[in-house]
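Ligands are counted one by one from 1 in listed order, and the atoms in each one are counted from 1 as well. Count residues from 1 along the sequence.
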Amino acid sequence: MTPTAAQPTCPLPILRTVEELRAQVAAWRDAGLTVALVPTMGALHEGHLGLVRRARERADRVIATVFVNPTQFAPHEDFDRYPRDEAGDAAKLASAGCHVLYTPGVRTMYPEGFATAISVGGPAEGLCGTFRPQMFGGVALVVTKLFLQALPDVAVFGEKDYQQLMVIRRFTRDLDIPVRVEGLPTVREADGLAMSSRNAYLGTGERARAPELYRALTAAAEALAQGGEADGALTAARSRIAEAGFGTIDYIELRDAETLEPVTRVTRPARLLAAAWMGKARLIDNVPVIPAG
Ligand code: PAF
């Protein structure tokens, strides 16, 4: 018989209430420790774990949150089928050096009678803000709540959701929330596909074609960095994405890297952002465009 090592039932402490979270943070503060927060919706992959590792470099203690936030999904979207795997997530977080998992229930975040909304303009306008009009209000609401519940020194988010990162930076600043917001470059598979929990929706053939989104963006970004006009570069990228078998292209746009205002030619750092459907998966991606010379 092969001897089996005793398995710990839970690889890291799991907190489910605001009271537990606040008590944990207060104990760390009493001990003079700094705190980082990594908000996620779970179904964790290497991209999320990179955020946890960066958070560890920035603070003494790291809290990851897993909460599939209903207020950022429209009724027809994938809230119900969004992948959920608490045990797997907890094991991955522990292996990346996370100290605590905070995973509140829907009623903890949105108690009976909840009646508050946050509306963000500026970087929330256009792009995903047009195609998923409920999204950034929901993100602003849940991230504000998580910030106020945990009161971390710093919070780390991925640049994969670049517009989301800019929106979070904006409302954190506008609302004087004393949390530093740090963004981390997108983590990609070996073939360039941006890591995403939603890649799980791709069939085998779709998965093979999906990296073409990134390749098309990279080629367009090179042309734009050399001073090319947005119109030509974006038309070429659009054709390449369509030829790769993507269905609807929600958008492919060139924006200022900071304000996210539309630009037609790159004279200062810009960002090329796209969202397109491959089968049932809506994939988003973006790349920096830095003017050459
Ligand atoms: O990027 C995500 O996973 C979510 O939008 C976030 C920031 C955790 C808010 O629910």
Practice prompt. Take the angle between the ring planes of Phe147 and Phe171 and call it parallel below 30°, perpendicular above 60°, tilted in between.
Written response: tilted

Fill in: N or O contact, Gln72 vs ligand 1, cut-off under 3.5 Å
yes

Discussion item. So, using salt bridge (Lys or Arg N to Asp or Glu O under 4.0 Å) as the criterion, who are the partners of Arg16 when residues are at least two apart?
Written reply: Glu86

Worksheet item: Are Gln24 and Tyr102 linked by a side-chain donor-acceptor pair shorter than 3.5 Å?
Response: no

Item to complete: Let me know which of Thr40, Ile14, Val38, Val52 forms a side chain to side chain contact (heavy atoms under 4.5 Å, CB included) with Leu93.
Response: Val52

Fill in: Atoms of ligand 1 close to Val142 [distance to a heavy atom under 4.0 angstrom, numbered from 1]
9 (C), 10 (O)

Worksheet item: Which atoms from ligand 1 have a heavy atom of Gln164 less than 4.0 Å away?
Response: 1 (O), 2 (C), 4 (C), 5 (O), 7 (C)

Worksheet item: Given that the side chain starts at C-beta and the backbone is N, CA, C, O, which of these parts of Thr40 lies under 4.0 Å from ligand 1, counting heavy atoms, or is it both or neither?
Response: backbone

